[in-house]
Amino acid sequence: MPIKVRFFASLREQIGQAEMELPSDGVATVGDVWAQASAGAQPPAEVLAAVNHTTAGLDYPVSDGDEVGFFPPVTGG
Amino acid sequence: MPIKVRFFASLREQIGQAEMELPSDGVATVGDVWAQASAGAQPPAEVLAAVNHTTAGLDYPVSDGDEVGFFPPVTGG
Amino acid sequence: MTIKLCAEAFSPWAEIAEYERASLEAGAVGACANFIGSMRDNNEGDAVVAMTLEHYPGMTEGALETIEREAVAKWDLLGCVIVHRVGEVRVGEPIVLCACWSAHRKAAFESCRFLMEELKSRAPFWKKETLASGETRWVERNTPGY
Amino acid sequence: MTIKLCAEAFSPWAEIAEYERASLEAGAVGACANFIGSMRDNNEGDAVVAMTLEHYPGMTEGALETIEREAVAKWDLLGCVIVHRVGEVRVGEPIVLCACWSAHRKAAFESCRFLMEELKSRAPFWKKETLASGETRWVERNTPGY
């Protein structure tokens with residue numbers, strides 16, 4: 001199963017899309033997902049990530065079928 | 001003009017009256033008011049006082065016509 | 001800034017809504033922190049069925065106004081309200097409302113808690129409880145606020 | 001413990017009253033601390049006319065539940081509620097409600113502020129403002145909470 005990648009808020013607008021799917025081959029961590037999804041661009045300094053809806057760092061492991069979200073610092077409340 | 005003395009809450013029940021008037025002769029401080037009003041009994045350790053509705057210590061000066069209130073620690077809210 | 005003593009039950013939400021309508025500009029307010037203290041059916045391990053709130057008429061209002069003025073001097077507030085019951089209170093009824101409005105949450109949170117702590121240590125109110133046994137007793141001290 | 005995301009305007013007082021009615025025993029509650037964040041008509045010196053709240057469906061609810069569970073583990077609470085708007089918000093409308101009930105005020109005050117600070121740093125919501133000039137911009141950071 002592919003990895004589902006989602007982008008939110010200003011990051012979604014910069015990337016130009018809300019979601020995409022990536023083959024899981026060669027993707028071991030959240031950082032790998034970012035690299036593939038952004039064609040090798042460096043992640044913004046303040047980017048946050050979540051794997052299956054739980055906050056995760058760039059070195060967090062990713063598996064087949066996971067959903068990986070990327071977003072800027074949160075500003076609710 | 002006499003000094004008006006008022007007692008509140010448990011102190012009012014202990015003293016057995018809510019208010020009294022005292023001649024101001026020989027009364028210089030809140031402590032003097034207490035001594036006259038209570039026939040010389042020591043004030044309870046935690047007693048609080050107010051002169052004309054503002055919190056005051058036992059050494060606070062008292063004048064003709066003042067209202068002096070005595071009460072236990074407050075428990076509102 | 002409003003101070004109110006109520007001899008009858010009051011609705012905190014009605015007080016807040018009325019204050020917002022009458023005294024605040026909605027677009028300026030970003031934060032409202034408020035606190036409602038209400039009467040419990042137990043205290044220090046005993047069942048409590050009724051309570052009387054005594055106060056010092058004349059002094060109480062001034063003490064609450066002083067506390068409000070201190071909060072307004074200390075924080076950047078758009079408004080604040082203190083409502084306090086006096087007389088007979090029944091289980092579940094509100095005893096006190098403190099509400100603070102500001103542009104930002106820090107000022108609202110801190111000033112609201114300040115009002116409550118100062119009120120509880122400086123405003124001349126006294127609670128007398130009637131226990132389920134029929135015995136009455138004065139509440140002698142507050143639970144710690146910090 | 002309740003979590004609610006609202007796509008339409010909500011009344012904080014109606015939410016609180018309904019929670020109290022459905023979930024709380026009035027005689028047990030001595031303290032209710034609550035906070036309402038609402039939309040201002042200005043931010044960082046600019047007039048703001050509209051706001052959109054984006055969130056991460058699926059993750060948001062879980063993040064708020066985690067924060068509530070942390071509060072319940074840390075303080076002795078009788079209940080707590082978080083309500084948060086999503087979508088289009090107009091000036092003056094509530095964005096967030098956090099309410100905490102306890103027997104005593106310390107737990108209510110501290111847990112309410114905890115919920116707000118954790119929500120603002122961990123729950124996946126993002127604000128996009130429309131300025132009076134017509135320009136839109138993402139809010140990049142929160143004002144400090146302490």
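Here is the naming used below: chain letters follow the sequence lines, and residue numbers restart at 1 for every chain.
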State, to 0.1 Å, how close [X] and [Y] come at their nearest heavy-atom pair, and which atoms those are.
{"X": "Asp41(C)", "Y": "Glu25(D)", "result": "OD2-OE2, 4.0 Å"}
{"X": "Asn42(D)", "Y": "Gly27(C)", "result": "ND2-O, 3.9 Å"}
{"X": "Lys106(C)", "Y": "Tyr146(D)", "result": "NZ-C, 3.3 Å"}

Chain D contact via Ile95(C) - which portion, at a heavy-atom distance below 4.5 Å: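 Answer is neither: Ile95(C) stays 4.5 Å or more from chain D.
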Side chain proximity check, Phe109(D) to Cys112(C), heavy atoms < 4.5 angstrom: yes
Residue pair Arg105(C) / Thr143(D), side-chain heavy-atom distance below 4.5 Å: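 Yes, their side chains come closer than 4.5 Å.
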Look at [options] and state which one has the largest set of heavy-atom pairs under 4.5 Å with chain C.
{"options": "Gly92(D), Cys98(D), Cys32(D)", "answer": "Cys32(D)"}
{"options": "Ala108(D), Ala103(D), Ala99(D), Ala14(D)", "answer": "Ala103(D)"}
{"options": "Ala31(D), Ala33(D), Gly30(D)", "answer": "Gly30(D)"}

Chain C contact via Ala28(D) - which portion, at a heavy-atom distance below 4.5 Å: backbone
Region of Pro144(D) that comes under 4.5 Å of a non-hydrogen atom in chain C: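 For Pro144(D), backbone heavy atoms alone lie under 4.5 Å from chain C.
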Worked verdict on Ile36(D) versus Asn34(C) for side-chain contact (heavy atoms from CB on, under 4.5 Å): CA-CA 9 Å; Ile36(D) 296 103; Asn34(C) 64 78; 3.9 Å; yes
Option in Gly145(C), Pro94(C), Cys100(C), Ala17(C) with maximal non-hydrogen atom pairs under 4.5 Å from chain D: Gly145(C)
Heavy atoms of other groups near Asp46(D) CG, more than 12 under 6.0 Å: yes
Whether Ser38(D) side chain and Val29(C) backbone form a donor-acceptor pair below 3.5 Å: yes
